[in-house]
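For the numbers below, each heavy atom of this structure counts, side chains included, while hydrogens, waters and symmetry mates do not. Here is the naming used below: chain letters follow the sequence lines, and residue numbers restart at 1 for every chain.
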There are 2 protein chains.
Amino acid sequence: MHIETAPTASRSLIRVKTKSQAVAKPPKDNPITEHLAYLLAQANREINRQLEMRLSKEGVPVEQWRILKVLSDGNGHSMGELADAVLLNHPTLTKMVDRMVSDALVYRVQDPKDRRKVLMFVSDRGKALSKRLNSLAVSQEEHIVESYGDKSTNELKRLLESLIDSSN
Amino acid sequence: MHIETAPTASRSLIRVKTKSQAVAKPPKDNPITEHLAYLLAQANREINRQLEMRLSKEGVPVEQWRILKVLSDGNGHSMGELADAVLLNHPTLTKMVDRMVSDALVYRVQDPKDRRKVLMFVSDRGKALSKRLNSLAVSQEEHIVESYGDKSTNELKRLLESLIDSSN
DNA sequence: TTGAAAATATTGAATATTCAACAATTGAAG
DNA sequence: CTTCAATTGTTGAATATTCAATATTTTCAA
C-alpha cells in the first residue's frame, strides 16, 4: 500500500488559501451535516442500530421483524407487495424469505388467482416471535420518547410521513 | 422450491378471529408504518435513492460524495474520524478509499504525529469532482424544498439534529 | 385464438459489506 | 526501561446485496 510521506510544514503553509469574501446569496456549500439527506442517513443509522441491538436478543435482523409484522395481519401478501412494505428489493427479499422458511417462521402459497404470484403467510411460530419482537420494538421507541420527548417524536413522525408523501 | 397448495376457502374462514374489544391503553401493536424506526428507514431510502440518481451523472456513489465533502475542508482526516463522519464502518471505508485512491480522488499520508494513523486528503481532481457533486446535491435538496416546503424542511432538519443529539 | 409484451418471482454471478484476526504503533503501569 | 494493554488501520473469509438473465403466467391486441 502506497502512502505519501508527510507534507512539510512550509508546504502546508503555502497551500493556505485566502477565503473569498462572504457572498450575498450563500453559496450553499454548507457542511454535510446540514444536508437533509445526510441527517436522515445519520438518524436512521443510529435508531436502526439501537433497534438492531434490542432485536438481537431474539437473534433476528430488523428486516425480519418488518416482514413478520407486515404478515401478522394474517392475510397473504405477494412478494412484490411485501418487498415494498419492508423496504427491500425483490432478490434480497427472496433470499431472506428462504431463510425464514427454513426457520419455519413463514411459508409460501401460490396465489390461486394469479399463479405468477406467491403469497406469503406467517406461521404460528412466526406469530409468537413477532409478538416478542414487537415488545422489544415498542420498548425501544418508549426509550426514545423518554429522552426525546413525546411532542418531538410525534412531530418528527408527522414530518417524515409528509416528506414521504411529497416524494411520490 | 416447496410451495404450499392454496388453502381452501373454508379453511380460511375457519381461521377468522373475532377481535377483542378495544383496550383502554392501546396495546401499541400499531402498524409498522407508525414506528419511528420504520419511517426513518423509509424516508432515508427514498431521499437517498433520489440523491443516488442525481450523483449517478458523475458515476459516484453517495458515500464518495460524503467523503469528498468532508475532506474538502483541506485538512487531513484520519480514517477513524472519516468513518464516523461519513457513516461507514472502518473496513468498508478502507475499501472505498482504496477505489478512490485508484481514481486519484484522494490520497493517504501517514500522520507524523501518530504513525498508527493515516491522514486522508483530497486531490485537485477530487476537489473538482466534489464541486460538481455539491451542485447536484444542492439541486436535489432544492427540488425537495419545492414540493415539501421550506418551513417543513427546516423543521425536519432541526428535529433530526435533536434526535441525533438525544441518542448519544 | 394466437402471439407478443408485461408482470411476477427466482437464480447465479458480480459486487459490496461485515466479522474476526492481524500488524503496527502508542500509552501507561510497574 | 520494559512489558502489556489499548488504539488505529488493514486484510481475508464469510456473508449479504445487487444486477442481469431466466422461467412462468397473465394480459392484451390483432
Side-chain angles (χ1 to χ4, degrees), chain A residues 1-6 41 44-45 48-49 52-53 55-56 59-67 70-71 76-103 106-121, chain B residues 1-6 41 44-45 48-49 52-53 55-56 59-67 70-71 76-103 106-121:
Chain A
M1 163 116 350
H2 176 69
I3 298 186
E4 300 287 334
T5 57
N44 177 52
R45 184 170 140 108
N48 201 61
R49 277 228 180 118
E52 192 178 44
M53 281 190 51
L55 300 189
S56 72
V60 165
V62 174
E63 291 78 12
Q64 291 196 16
W65 167 61
R66 291 195 200 130
I67 292 169
V70 168
L71 296 185
H77 293 261
S78 75
M79 290 295 283
E81 248 177 61
L82 191 54
D84 287 345
V86 304
L87 316 176
L88 292 177
N89 53 23
H90 292 211
T92 304
L93 178 63
T94 291
K95 283 148 191 169
M96 184 156 288
V97 161
D98 286 347
R99 291 190 282 274
M100 294 175 79
V101 169
S102 298
D103 294 342
V106 299
Y107 58 94
R108 293 175 159 99
V109 176
Q110 191 179 54
D111 186 345
K113 305 274 176 52
D114 182 342
R115 282 153 58 220
R116 286 171 303 185
K117 293 188 184 176
V118 170
L119 299 180
M120 296 303 312
F121 291 89
Chain B
M1 161 115 355
H2 175 68
I3 299 187
E4 301 287 334
T5 56
N44 177 54
R45 185 171 140 105
N48 201 61
R49 277 230 181 114
E52 192 177 42
M53 280 189 51
L55 301 189
S56 71
V60 164
V62 174
E63 290 78 12
Q64 291 196 16
W65 166 61
R66 293 196 199 128
I67 291 170
V70 169
L71 295 185
H77 293 262
S78 75
M79 290 294 283
E81 250 178 61
L82 191 54
D84 287 346
V86 303
L87 315 177
L88 292 177
N89 52 25
H90 293 211
T92 304
L93 178 64
T94 291
K95 283 150 192 168
M96 184 156 287
V97 161
D98 287 346
R99 291 190 282 273
M100 295 175 78
V101 169
S102 299
D103 295 342
V106 299
Y107 57 95
R108 292 174 160 101
V109 177
Q110 191 178 56
D111 186 344
K113 305 275 174 54
D114 181 343
R115 283 153 57 218
R116 288 169 302 182
K117 293 189 183 175
V118 169
L119 298 180
M120 295 303 311
F121 290 89

Once rounded to the nearest 0.5 Å, what's the spacing between atom [atom1] of [X] and atom [atom2] of [Y]?
X	Y	atom1	atom2	answer
A:D103	A:Q64	CG	CD	6.5 Å
B:E81	B:K117	CD	NZ	7.0 Å
A:I67	A:L88	CD1	CG	6.0 Å
B:D98	B:L93	CG	CG	9.0 Å

Is the side chain of B:R45 donor-acceptor paired with the backbone N or O of A:L87 at a distance under 3.5 Å, no angle test?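 Flag set: sc B:R45 to bb A:L87 pair under 3.5 Å.
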
Query raised in the report: Can a side chain N or O of B:S78 be found less than 4.0 Å away from OP1 or OP2 on D:dG9?
Result: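 For B:S78, the contact criterion (side-chain N or O under 4.0 Å from OP1 or OP2 of D:dG9) is met.
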
Tell me the interatomic distance from [X], atom [atom1], to [N], atom [atom2], rounded to whole angstroms.
X	N	atom1	atom2	result
A:L119	C:dT8	CG	P	12 Å
A:H90	D:dA21	NE2	P	18 Å
B:H77	D:dT8	NE2	C1'	17 Å
B:D98	D:dG9	CG	P	14 Å
B:K117	D:dA6	NZ	C1'	13 Å

For residues [X] and [Y], report the shortest heavy-atom separation together with the two atoms involved.
X	Y	answer
B:G80	B:H90	CA-CE1, 3.8 Å
B:R66	B:N48	NH2-OD1, 4.1 Å
B:L55	B:W65	CD1-CB, 3.7 Å
A:A85	A:V70	CB-CG2, 4.1 Å

Taking N or O atoms only and anything under 3.5 Å, show me the protein contacts with nucleotides 1-5 of chain C, one pair per line.
none

Where do N or O atoms of nucleotides 16-19 of chain C meet protein N or O atoms at under 3.5 Å, pair by pair?
| from | atom 1 | to | atom 2 | distance (Å) |
| --- | --- | --- | --- | --- |
| C:dT18 | OP2 | B:N89 | OD1 | 3.1 |
| C:dT18 | OP2 | B:N89 | ND2 | 3.0 |
| C:dT18 | OP2 | B:T92 | OG1 | 3.0 |
| C:dT18 | O4 | B:K95 | NZ | 2.5 |

- Message: So if I take every side-chain heavy atom of B:T94 and compare against C:dT8, C:dT11, D:dT11, which nucleotide ends up nearest?
- Response: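 Selected nucleotide: D:dT11.
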
Please write out the pairs of protein N or O atoms and N or O atoms of nucleotides 23-27 of chain C separated by less than 3.5 Å, giving the distance to one decimal.
| from | atom 1 | to | atom 2 | distance (Å) |
| --- | --- | --- | --- | --- |
| C:dT26 | OP1 | B:R115 | N | 3.1 |
| C:dT26 | O4' | B:R116 | NE | 3.4 |

### Query
Are side-chain heavy atoms of B:S102 and B:R99 found at a separation under 4.5 Å?
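With C-beta onward as the side chain, the pair stays apart.
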
Report the C-alpha distance between B:R108 and B:M120 in whole Å, list the side-chain angles of each, state the deciding distance to 0.1 Å, and finish with yes or no for side chain to side chain contact (heavy atoms under 4.5 Å, CB included). CA-CA 5 Å; B:R108 292 174 160 101; B:M120 295 303 311; 3.4 Å; yes

